[in-house]
Amino acid sequence: MPGEALDQQIEVAGMEYQIPDGMHVIPPELIDSRSDLEVDEDLINPKPIFEGYEKNIWFFWHNGYSGMHEYCQRNIRAWHRRFSRLGWVVRVVDRKPGSPLNISNFLDITDSSLFPKAFAEETLSGTYAAQHTSDLVRWPLLLRYGGVYADVGMMQIGDLDRLWNDTIGNPESPYTVLSYHGGNDDVYALTNYFLCSNRGNPLFQRAHNLFLALWAEDGGKISTDGMHNSPLLEGVPMMTAPSFSEDGRTYSVEEASAMLTDYIIQGQALTKAMSSLDPRDGWNGPEYVAKHVYAIEFMVGAQLINDLTSWDGSLAFTLMSLPVPQNSETESDEQKRGRAIVNSCLSRSFGFKLATGLILRVMGDTLSSLWRRHVGSDNVPNTYAHWLRYGTEHWNQNEVPPPIKWKPRKPIAME
């Protein structure tokens, strides 16, 4: 029964997985348990947009869902299986010519109030052009339609439907934004890999306007390189990254931090909007944040596997690939560690962000990059990875995570 703490073994195709304390089994009628092929058909041909309906879950993959890595497809299917019967529609928008899910079918890509010239002309360049293309679609989609935007590397664990209905979906609630907070007491830093809002959210609109202004500098940019130096971001501290070596060259802390800041420049624009006072229209970012932003602490909330393995992707991969002991088999120390990770992640985390991109250059392999390289390794029955995947589709947490308590911050005055 939902709400009860169950201490039981769940049999899955002859294997037994233990449901963690603080979770319950989702009633079967609320899960889309059809075959992968049938679910994929729904994802490739989702329901049409209904004006004013905000239970939308948005993802972006340049070449479309069918061209996505298999482990990411499994992430998306899990979102659909969990939430489609609760009224949510999952869409993976793309830039694939002729695709019904091409972003141009949802937004006017030639509208300069939505996209920079480089997006419209498909001239974005740089090592992370694909990531920055996806950055540019998330706020326009939320501003036009509302709902949830998540990276394809997001595994959802907690009760998104309940939290949405309690906050953004509740007209009586003061909350209009839901995300993770990755900052500290001095700096606002919402993570852009999970963003939720109603249509026309004023914080996201202001942040997107600033984001577009950054892209428009110097006659129009085609990459984010050097954006960390923009005067438009005055007052926002740069991201901090450790030094690292690559191809015989060592990048200093300053160089790595500039690189990271350029990589996550969308987050910098959001931090500026959250932190600013603007006398021209009376905008008070810190006041808006304190009243209207429901932010989940991100380390436990979305990065717990990394935290529990000290950001060692190879270790995380090894542990998650181990077999789960069955019946009277003796559990090794490594298996105990794998079990602790799965139990902790399922019972304590609202989601888990599988990371690729710049982190690979700075930190080396991640669980995500190794699941990508070893196709199917995230879904081998009777492993801790499979246990985690099973739990994200069939179990739900009894409680929703609390929001962080915002502390007063000195605002940034805009001239």
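Because only heavy atoms are used, hydrogens play no part in the values below, and waters and symmetry mates are left out as well, while side chains stay in.
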Pairing of Arg249 and Glu255 as salt bridge, 4.0 angstrom limit: yes
Ring geometry between Tyr263 and Tyr128 (parallel below 30°, tilted from 30 to 60°, perpendicular above 60°): perpendicular
Distance-only donor-acceptor check, side chains Asn379 and Arg389, under 3.5 Å: no
Derivation of the side chain to side chain contact (heavy atoms under 4.5 Å, CB included) call for Arg361 and Met259: CA-CA 11 Å; Arg361 297 175 65 185; Met259 195 180 298; 3.8 Å; yes
CD1 on Ile44 to OG on Ser66, rounded to 0.5 Å: 3.5 Å
Phe211 and Trp215 aromatic ring geometry - parallel, tilted or perpendicular at 30°/60° bounds: perpendicular
Donor on one side chain, acceptor on other, Asn343 and Arg348, under 3.5 Å: no
Donor-acceptor contact present, side-chain Glu297 to main-chain Tyr180, <3.5 Å: no
Donor-acceptor contact present, side-chain Thr383 to main-chain Pro323, <3.5 Å: no
Residue pair Ser276, Asp278: steps toward the side chain to side chain donor-acceptor pair (under 3.5 Å) verdict: CA-CA 6 Å; Ser276 299; Asp278 192 340; over 6 Å; no
Close aromatic pair by centroid cut-off 6.0 Å: Trp395 and Tyr17: no
Side-chain donor-acceptor pair present, Ser243, Ser252, cut-off under 3.5 Å: no
Test item: Asp262 side-chain N/O and Met227 main-chain N/O as donor-acceptor pair under 3.5 Å: yes
Ser310 versus Asp312, side-chain donor and acceptor atoms under 3.5 Å: no
Check: His181 ring centre within less than 6.0 Å of Trp406 ring centre: yes
Test: Glu29 and Arg85 ion pair at under 4.0 Å: no
Distance-only side-chain donor-acceptor flag, Gln131 / Asp135, under 3.5 Å: no
Point-to-point distance, once rounded to the nearest 0.5 Å, from CG of Asp94 to CG of Asn102: 5.5 Å
Charged N-O contact under 4.0 Å between Arg138 and Asp151: yes
Main-chain N/O of Leu86 paired with Lys55 side-chain donor or acceptor, under 3.5 Å: yes
Under 3.5 Å: donor-acceptor pair, side chain of His386, backbone of Val380: no
Under 3.5 Å side-chain donor-acceptor pair for Ser368 and Tyr71: yes
Sole residue of Val400, Leu190, Ile404, Leu178 in side-chain contact (heavy atoms from CB on, under 4.5 Å) with Ile296: Leu178
Ionic contact status for Arg206 with Asp281, cut-off 4.0 Å: yes
Salt bridge present between Arg77 and Glu70 (N-O < 4.0 angstrom): no
Under 3.5 Å: donor-acceptor pair, side chain of Glu234, backbone of Ile412: no
Salt-bridge criterion met for Asp36 and Arg81 (N-O under 4.0 Å): yes
Candidate list Phe194, Tyr149, Trp79, Tyr145, test ring pair (Phe, Tyr, Trp, His ring centres under 6.0 Å), partner Trp58, passing option: Tyr145
